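Atoms within a ligand are numbered from 1 in the order they appear, just like the ligands themselves. Remember, it's a predicted structure, so these values are computed and weren't measured experimentally.
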Amino acid sequence: MNYYSTNQQAPIASLEKAVVKGLAEDRGLYMPERIKPLPASFFDEIEKKSFQEIAYTVADAFFREDVEAEALREIVYDTLSFDCPVVPVTQNIYSLELFHGPTLAFKDVGARFMARLLQYFIRRDTKDHRRVNVLVATSGDTGSAVANGFLGVEGIHVYVLYPKGKVSEIQECQFTTLGQNITAIEVDGVFDDCQRLVKSAFMDEDVNHHLRLTSANSINVARFLPQAFYYFNAYARLKERLTAEQMKHLVMCVPSGNFGNICSALFGRKMGLPFKRFIAANNANDIFYQYLQTGKYNPKASKQTIANAMDVGDPSNFARIYDLHHGNHQEIISYISGATYSDEQIKESMRQCFQDNHYILDPHGACGYRALSEQLQEGETGIFCETAHPAKFKDTVESVIGTTVDIPARLAAFMQGEKQSIPMSKEFPAFKQYLMGE
Ligand SMILES: *Cc1c(COP(=O)(O)O)cnc(C)c1O
């Protein structure tokens with residue numbers, strides 16, 4: 001299958017090129033030329049299938065033309081080494097828990113899949129046996145998901161650049177204690193400096209001659225499309241519990257920042273996944289919400305909130321949503337609604353949900369829960385993505401609900417590891433010298 005750019009000014013790319021390059025030459029996002037619908041018979045018996053079986057069917061529709069069946073199966077099964085269960089919270093609201101992976105957030109699914117697909121392409125490409133180097137700048141969570149997704153994957157080395165003293169201790173330990181093929185680089189600067197160093201490295205001829213480089217941005221098709229897997233599985237697991245009538249009125253609510261997660265759910269719908277409608281839940285960064293109300297997309301500077309993984313003022317995947325609907329605002333608002341919440345409202349929902357249901361929400365999931373509580377109509381059943389484990393935001397969550405949050409064993413294990421990182425100046429010549437010695 002070929003991939004085109006949302007800006008329409010770049011050549012069509014193969015899957016391999018789209019994965020290795022990440023962004024198209026015209027700075028647009030890659031989109032598959034076709035989205036293959038799955039047969040009705042698949043949905044008729046979906047509840048009898050396991051998460052991995054369902055995911056493989058979905059992956060087959062996206063990637064089968066470009067990846068051999070047996071290899072694709074292995075990539076999918078290996079990616080999904082953990083479950084994404086659907087858990088009841090109230091009588092008609094369910095939580096799709098996406099935090100059971102290695103770094104306790106949904107980005108694990110896409111990062112693990114991309115690492116394995118990239119490895120497949122490297123092995124198949126017999127011309128160049130040099131290792132591939134992934135450079136990623138992080139303000140916290142992306143670095144841990146990418147580092148852990150690629151951990152131990154042969155033929156690939158990951159460099160995580162992060163701003164010294166600007167990420168939480170929990171976040172830092174998730175990419176500085178891993179060793180193996182992961183190198184953490186502690187930059188004496190802010191996140192923007194890290195991002196600038198990565199961009200400079202990609203543009204530097206000497207570095208590119210010396211090292212084979214690639215990025216692992218969240219806009220990469222290999223990180224973004226596999227997120228559809230857990231939406232299909234959520235449908236299957238709900239079908240085990242609900243009546244046929246209830247299944248006709250499912251509302252999927254996705255706490256959104258860059259809109260990659262919800263966009264993969266919309267791809268699922270295009271493939272026939274029978275969710276009735278969608279809600280994009282935002283924190284105070286309300287650009288998409290405003291677009292739904294007015295039809296105008298006005299990016300702004302991002303605002304800092306307690307749901308900080310959604311502090312995005314110009315969501316990259318808006319371009320994909322727009323393209324998917326050929327820019328038709330009417331069509332978009334016919335089945336997608338929005339919500340925007342202040343930090344105070346987010347806290348209030350965390351408190352309320354814990355009081356009423358004894359379910360601990362993280363600040364991102366809280367936006368999703370609140371939007372469903374406010375917008376569900378008679379006869380509808382809502383599912384929201386719980387995008388991260390509350391322990392990742394321990395201090396905030398504990399101060400809001402007044403109870404201690406247990407740290408899962410796999411997170412505690414990171415915190416006991418020994419921190420290893422390479423100190424780096426924020427000036428490019430120093431970073432270049434380092435890379436040239438690798
Ligand atoms: C990345 C992230 C989000 C936002 O997801 P998008 O795909 O960027 O919309 C929400 N919650 C958490 C915990 C995240 O890490």
Side-chain angles (χ1 to χ4, degrees), residues 29 84 95-114 136 138-149 167-168 170-171 174-175 191 216-231 252-268 278-289 291 299 302 305-321 336 338-341 346 350 360-371 384-394 396-397 411:
L29 276 64
C84 298
S95 169
L96 169 54
E97 293 187 344
L98 301 177
F99 56 68
H100 296 274
T103 73
L104 298 91
F106 79 90
K107 292 186 179 72
D108 283 331
V109 174
R112 289 174 66 81
F113 187 91
M114 177 180 170
V136 57
T138 187
S139 55
D141 270 0
T142 305
S144 56
V146 170
N148 283 272
V167 303
S168 77
I170 289 185
Q171 288 172 327
Q174 290 180 90
F175 50 79
F191 171 65
N217 286 332
S218 68
I219 45 96
N220 197 295
V221 287
R223 277 188 64 189
F224 140 79
L225 287 171
Q227 294 167 359
F229 299 163
Y230 46 71
Y231 291 104
M252 186 73 231
C253 180
V254 187
S256 297
N258 246 330
F259 283 72
N261 197 7
I262 192 168
C263 195
S264 58
L266 303 181
F267 271 64
F278 293 81
I279 305 175
N282 286 144
N283 56 25
N285 293 278
D286 61 351
I287 291 78
F288 186 75
Y289 178 82
Y291 166 77
S302 64
T305 76
I306 57 167
N308 58 15
M310 309 196 316
D311 293 350
V312 181
D314 186 4
S316 357
N317 286 288
F318 178 76
R320 284 196 169 114
I321 297 178
I336 307 175
T340 170
Y341 299 117
I346 294 172
M350 290 163 67
I360 302 179
L361 294 164
D362 94 293
H364 307 81
C367 297
Y369 171 80
R370 185 175 180 121
F384 66 95
C385 293
E386 180 47 306
T387 49
H389 193 289
K392 286 195 99 166
F393 306 91
K394 195 170 162 54
T396 306
V397 176
L411 184 53

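Partner Asn283 forms a side-chain hydrogen bond (donor to acceptor under 3.5 Å, both in side chains) with one of Thr340, Asn308, Asp311 and no other, that one being Asp311.
No donor-acceptor distance shorter than 3.5 angstrom exists from the side chain of Asn317 to the backbone of Arg320, with no hydrogens or angles considered.
Note: His364 and Phe393 have tilted aromatic rings, judged against thresholds of 30 and 60 degrees for the angle between ring planes.
Scanning for side chain to side chain donor-acceptor pair (under 3.5 Å) contacts around Thr138 gives an empty result, with sequence neighbours left out. For the side chain to side chain donor-acceptor pair (under 3.5 Å) test, no residue two or more places apart in sequence or in another chain qualifies with Thr142. Looking at residues two or more places apart in sequence or on another chain, you find no side chain to side chain donor-acceptor pair (under 3.5 Å) involving Asn148.
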What short N/O contacts, under 3.5 Å, does ligand 1 make with the protein, listed by atom pair and distance?
| unit_1 | atom_1 | unit_2 | atom_2 | d |
| --- | --- | --- | --- | --- |
| ligand 1 | 7 (O) | Gly260 | N | 3.2 |
| ligand 1 | 7 (O) | Asn261 | N | 2.9 |
| ligand 1 | 8 (O) | Asn258 | N | 2.8 |
| ligand 1 | 9 (O) | Gly257 | N | 2.8 |
| ligand 1 | 9 (O) | Asn258 | N | 3.3 |
| ligand 1 | 9 (O) | Phe259 | N | 2.8 |
| ligand 1 | 11 (N) | Thr387 | OG1 | 2.8 |
| ligand 1 | 15 (O) | Lys107 | NZ | 2.5 |

